2 protein chains.
Amino acid sequence: MATTDQLLDCSDPLVNPGPRVDVRVVLFTVSAGRLLVALQEQGTCRALPLGSPSPAESLDAAGTRLLADHVGIAERYLEQLYSISHCSEDQWTVTVTYLALAFAGDAGPSLNTAAWCDVGSLPEMDSVDRKIFDYALLRLRAKLGYTTIAFHLLPPSFSLSDLQIIYEAVLDREVDKRNFRRSIHAAGVLEGTGLTRREGSHRPAGLYRFRAGHNAETYLTPSWASSTEEGVRNP
Amino acid sequence: MATTDQLLDCSDPLVNPGPRVDVRVVLFTVSAGRLLVALQEQGTCRALPLGSPSPAESLDAAGTRLLADHVGIAERYLEQLYSISHCSEDQWTVTVTYLALAFAGDAGPSLNTAAWCDVGSLPEMDSVDRKIFDYALLRLRAKLGYTTIAFHLLPPSFSLSDLQIIYEAVLDREVDKRNFRRSIHAAGVLEGTGLTRREGSHRPAGLYRFRAGHNAETYLTPSWASSTEEGVRNP
DNA sequence: GCAAAAGTGTTGTGTATACACCCATGG
DNA sequence: CCATGGGTGTATACACAACACTTTTGC
């Protein structure tokens, strides 16, 4: 059906006996109220950080290693999203995609081989990577509503306003302060440190941390690792 | 670190330059009020139906083809679950797993190379396949609560009691008839065929079908294919 | 005293749950 | 007339959205 002479045909089993497998990570952070994603330079386009898994490690471990090596980030959260099969440059590839979250200081964390890009004004990207990114953002926004992953975008101690800024940056819309604080308190995952933070000519903000034992996030979509031990909770 | 002499070491890149990729499907059906899963004979254990993807097709297409070829089922629903990396028999393998649903008649649909097993009394299974199965069942049960996938376990025309039996079989618990019917009607995805079905010494059951235009299920976890077109709905 | 962010309550509206009886039919 | 499954309504509790003002501080 396809002509194998003029260019390599990645659907020809003689040319490609098995697919290449790679792992790509969509790493988000929030800095100064803006949602950012880590992208690597790749010619004219930008691309998602990617790597190859090795036989001795799980795919999750490959994602973690990828972030540590290429991005220089100790990620706070890593979740597998989806796997796709595609042909790029006559190379049959199966790509396993991940969503990752990291805390960024005010200046943003430094990256090794990647750079932070504002999600509101993305550069040109490879079309496959662009679809992966769109899906990752869709999942991240949906999960904010029924999980506690937002905390992974914050330092260990934070104010409720800090947390609200995370929600507003990811969702790209304002949220009501009173309803927001009520729902956070009702979730029961925070405990006050006795401390406050004074940083301007206004009332100091109370600081909070996670409650120990609630670091196990209440995900409706449980992780693979936890699926055999505990069931789904209906909170 | 590992001794490569006495047995093949699947973590040695010289032995295995890249992983094998396979696709495994957890196919459920409900027959006579029992939740069943399709398993293949494999020596002493049973195993999930599996196949290899080809470069020209998507992974989803590979799953569909796998069901059509090996199982003889035209599945009604197929959803990717998770991908894992594992070593079995010194073969490094990346497995992409799928959840599938099919309608079974009263006798259950016939299978080519697989057999239906009652989920309540499963035979011995390969440990990797067992974990995949556990995860699939966990996801299926969770998704019943906020999606319409249950309809894929029914023929085109069905009674509300038929539908309730599906829910009870999958969830393995009774549900309240009035609340169930109210929530189904409120979802607005059904329309009555004018028909009824008489099949015993009792009042005949009204028959329903999907409303056209609502075959696009309201998934909180949107499929990969739809992620770039439409956002997440909050019903 | 004023600017600036922190913090706090009430009300309505919709949604989920618990619960018991009459209806139509076949035998 | 009776056994069987089909079909219906109401009261209550809880979750969520809309909405405005007082408090504490730095300058």
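Proteins get letters first, then strands, A, B, ... in listed order; numbering begins at 1 in each. Because the structure is predicted, anything quoted here is derived from the model rather than measured. Note that these values count all heavy atoms, side chains included, but never hydrogens, waters or copies made by symmetry.
Comparing A:Asn179 and A:Pro204 along DNA chain D, the residue whose closest nucleotide (by nearest heavy atom) sits nearer the 5' end is A:Asn179. Between A:Ser201 and A:Arg181, it is A:Ser201 whose nearest contact on DNA chain C lies nearer the 5' terminus.
One can place CD of B:Glu199 at 16 Å from C1' of C:dG27, the figure rounded to the nearest angstrom. Between the CZ atom of B:Arg178 and the P atom of D:dG6 there is a distance of 14 Å, given to the nearest Å. Taking atom CD1 on B:Ile184 and atom C1' on C:dA16, their separation rounds to 14 Å, with Å as the unit. The interatomic distance linking B:Asp162 (CG) with D:dG7 (C1') rounds to 15 Å, in whole Å. Between the C1' atom of D:dG26 and the CZ atom of A:Arg198 lies a distance of 10 Å, rounded to the nearest Å. The interatomic distance linking A:Tyr167 (OH) with D:dC16 (P) rounds to 12 Å, in whole Å. For the pair A:Leu207 CG and C:dG7 C1', the computed distance is 14 Å after rounding to whole Å. Between B:Lys177 atom NZ and D:dT4 atom C1' the separation is 10 Å, expressed in whole Å.
In this structure, the side chain of A:Glu168 does not engage the main chain of A:Gly33 through any donor-acceptor pair within 3.5 Å.
Considering only the side chain of B:His202, D:dG6 comes nearest among D:dA20, D:dG6, C:dA20.
The residue A:Ser161 sits close only to the backbone: its heavy atoms come under 4.0 Å of sugar-phosphate atoms, none of a base. Residue contacts for A:Arg182: at a heavy-atom cut-off of 4.0 Å it reaches a base atom on one of the strands shown. Using a 4.0 Å heavy-atom distance criterion, B:Ser183 is classed as making no nucleic acid contact.
Ring geometry for A:His152 against A:Phe210 counts as tilted: the plane angle lies between 30° and 60°, on a 0 to 90° scale.
For the pair B:Ile84/B:Ile132, a side-chain contact is recorded, criterion being any heavy-atom separation below 4.5 Å from C-beta on. B:Val26 places none of its side-chain heavy atoms less than 4.5 Å from the side chain of B:Thr97. Within the 4.5 Å cutoff, side-chain heavy atoms of B:Arg141 are placed close to those of B:Leu171.
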